[in-house]
Amino acid sequence: MRPFRVYDSMTRQVRRFAPIAPPRVGLYVCGLTPYAPAHIGHGRTFVVFDVVVRALRRWGYRVFYVQNVTNLDDKLIARAAAEEDDPLELAQRHFAGYLRSMDRLGVRSVNYYPFATDYVPEILAQVRELIDRKVAYVARDGSVYFEVAKFPRFGALSGQNVSALQPGARVEVDERKRSPEDFVIWKAATPGEPSWESPWGPGRPGWHIEDTAMTGRLLGARYDLHGAGLDLIFPHHEAEIAISESATGEVPMVNYWMHSGFVTMTGEKMSKSIGNVASLEESIDEYGAGVLRFYYLNAHYRSPVDFEPGKSLAEAREAYRRLAGPSDRIADLVERDGPERSGDPLPPELAAAADELVDRLDATLAEDFNTREAIALLFGWTRRVGEAGVALDHLNGEGLEAIAAPYDWGREVLGLFERAPATRSGAWATVVPLLLEARARARTRGDYAEADRIRDQLTAAGVRLEDRADGTRWEFADTG
RNA sequence: GCCGAGGUGGCAGAAUGGUUAAUGCGACGGACUGCAGAUCCGUUUCCUGGGGGUUCGAUUCCCUCCCUCGGCUCCA
């Protein structure tokens, strides 16, 4: 196992990571409430933790990655009511869309996506435990609240001092609570909404306790790493800590807290409730998964990132195209000639440099997952490959493999440099080469009007041509 | 008000108590091309919010102020 360091939000410092039971690592990331399509802010968080898991697995840790699905809550119910749909089915549908986006993005590291509604027994057991321990109370309508005053450490993660909070700053004061900062762990049922029987009457789980019930069951009372977007620190993660540590007596609930930064939309937080969201699915459609991942990983995961429609991803596309150039060409050559192709060997100093670079890439990521620095190193490699004047076309299979090593690392850990499977598939794969042949003949006989007509038509159809010494390459303009 | 995250070139965005502050985009020049695009090479001295302090030396550490964003019970 390679040692690494990670910024822990609780202690606010970069700490050496030590798992509870190496090589196993328990990771829990707060997933989403699938009441609407995912936006690119969600994409950032889940790509970030995907890279964390990819890296850890490469380094020899055995990660069990759980990401929950809040498939029942107020917003889901409200949205379902507006659309005259069943909330659980609505959640199921949006979750399927989310999974599709994640798959396209190359996020396949999650081991298990538990649904909140599948953990009602665990939730009820925790509610019971908290009542027994007198840190939760039953309100007159049958709702159960956690009494924050009984948990003095509340606020430690966010630095909030509970007494300094402004009750009702944004949400109306609820008179069922003993104190405004108390939060609901079991909600009394409203007629017409999904509900479960409980000793306190029919109801449904509160948001915060879903996570602790799941982690208690799946990862234990204490586990290694908890991740999520920065916006969940308060109150959600504070509440998780309060519930879990009160119910189990095990402290701390989690050893390391990782929070990824926001994506703002031209300066303002991107949020479903504000409505200033850029669709994840549409962004992938327009720019390709590689460009999205590059965009996310091109900044440190804790830095805020500002998204400007039409600009941010366009710039990322230009940069990523350059970065991936040699990787694409190598893949083309291997695809055409096979891995055993004959040719010149790679100069030994370049082969050694490739190995050395892979070490540096691992070391860079092991320092709080500095993906931007890793990308800078990869750019250095792309430049070096160009500078050395290495004619990739003339290298033998072994040489190509050696020179590709840093890009292979990028594919394994960052999820970049995946070739879009659509690029050479389907009818296009037959038709485009035919047109290219016709264009080549036209060029040979000097009929440039015809050659340009073909190129223009293909461009209009979304196919980008690249005339090279060894022929004309083509790709879809919108795939990364 | 309280808490948190930020402020680095035209733009995006890293890093470090110390030679010319990475890398990319853009721009400019060149190579290649029938042309264009793409690609490749080169150039891009003047950039660390303001003010103090510590230090031989601060972008980095400390204090203070200003600004932006977020949280203060919906949020990735």
Side-chain angles (χ1 to χ4, degrees), chain A residues 9 12 29-33 35 38-46 48-49 67 70 73-75 78 148 155 157-174 177 180-184 207-208 227-236 238-239 259-264 267-274 294-295 298-300 302-306 308 311-312 314-323 325-326 329 364 370-380 382-383 385-387 389 443 446 448 451-452 455-456 459 464-469 472-473 475:
Chain A
S9 309
R12 299 202 176 87
V29 172
C30 290
L32 40 69
T33 302
Y35 73 96
H39 57 65
I40 64 167
H42 298 123
R44 181 185 192 193
T45 299
F46 300 121
V48 162
F49 288 104
Q67 187 185 118
T70 303
D73 86 331
D74 294 349
K75 276 185 299 195
V148 170
L157 181 63
S158 59
Q160 291 278 3
N161 182 351
V162 173
S163 60
L165 296 180
Q166 288 193 336
R170 292 208 319 188
V171 173
E172 285 179 33
V173 176
D174 185 335
K177 299 180 184 181
E181 64 268 21
D182 293 349
F183 55 84
V184 68
W207 176 38
H208 310 304
L230 203 54
D231 49 348
L232 297 187
I233 286 185
F234 190 93
H236 186 233
E238 299 284 10
H259 291 98
S260 61
F262 287 120
V263 177
T264 56
E268 204 180 25
K269 185 190 165 189
M270 184 178 296
S271 167
K272 284 183 279 196
S273 49
I274 301 173
F294 177 88
Y295 170 68
N298 200 214
H300 189 94
R302 284 189 279 122
S303 302
V305 161
D306 190 49
E308 287 189 52
K311 175 168 181 278
S312 301
E315 184 180 319
R317 178 174 55 197
E318 294 313 308
Y320 180 58
R321 178 179 297 162
R322 172 172 160 76
L323 180 67
R329 254 168 281 140
T364 297
N370 194 337
T371 55
R372 169 61 231 190
E373 192 67 25
I375 285 174
L377 290 172
L378 288 170
F379 267 116
T382 289
R383 169 188 288 267
V385 170
E387 261 176 358
R443 291 172 75 198
Y448 298 119
D452 289 348
R455 181 175 60 194
D456 291 347
T459 303
R464 176 168 49 229
L465 304 189
E466 184 181 342
D467 289 333
R468 305 180 59 82
T472 301
R473 281 187 65 209
E475 62 184 353

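Just so we're on the same page: letters track the sequence lines, and every chain starts at 1.
- Pairs of Watson-Crick or G-U wobble type, with distances under 3.5 Å, assemble into runs of 3 or more in RNA chain B at these ranges: B:1-7 with B:66-72, B:10-12 with B:23-25, B:26-31 with B:39-44, B:49-53 with B:61-65.
- Between A:Pro235 and A:His208, the closest side-chain pair of non-hydrogen atoms falls below 4.5 Å.
- Here the CE-CG distance, from A:Met270 to A:Asp231, works out to 12.5 Å after rounding to the nearest 0.5 Å.
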Seminar exercise, completed: Nucleotide by nucleotide, nucleotides 27-37 of chain B touches protein heavy atoms under 4.0 Å in the pattern (B base, S sugar-phosphate only, - none) -------BBBB
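- Within the 4.0 angstrom heavy-atom criterion, base atoms lie near A:Gly41.
- For the pair A:Arg322 and B:rC40, the criterion of a side-chain N or O lying under 4.0 Å from OP1 or OP2 is met.
- Between A:Arg383 and B:rG24 there is a side-chain N or O to OP1 or OP2 distance below 4.0 Å.
- Considering only heavy atoms from C-beta on, A:Ser260 stays 4.5 Å or farther from A:Arg302 through its side chain.
- Counting non-hydrogen atoms under 4.0 angstrom, A:Gly31 reaches the backbone sugars and phosphates but no base.
- Using a 4.0 Å heavy-atom cutoff across all strands shown, A:Glu268 reaches sugar-phosphate atoms only and no base atom.
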Exercise. How would nucleotides 10-17 of chain B be written as a contact map, 5' to 3', with B for base contact, S for sugar-phosphate-only contact and - for no contact, using protein heavy atoms under 4.0 Å?
Worked result: -SSSSS--
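- Counted by atom type alone, A:Asp467 and A:Thr472 present one or more donor-acceptor pairs between their side chains at under 3.5 Å.
- In this structure, A:Phe294 and A:Phe379 have perpendicular ring planes: the angle between them is above 60°, well past the 30° mark.
- The nearest heavy atom of RNA chain B to A:Thr264 and to A:Arg44 marks one nucleotide each, and the one closer to the 5' end goes with A:Thr264.
- To the nearest whole angstrom, the two P atoms, one in B:rG51 and one in B:rC47, are 15 Å apart.
- Nucleotides B:rU64 and B:rA27 place their P atoms 45 Å apart, quoted to the nearest Å.
- Contact annotation for A:Val263: base contact, defined as any heavy-atom pair under 4.0 Å involving a base atom.
- A donor atom on one side chain and an acceptor atom on the other are not found under 3.5 Å apart for A:Thr364 and A:Glu373.
- Toward the 5′ end of RNA chain B lies the nearest nucleotide of A:Pro326, the other residue of the pair A:Pro326 and A:Ser260 mapping further downstream.
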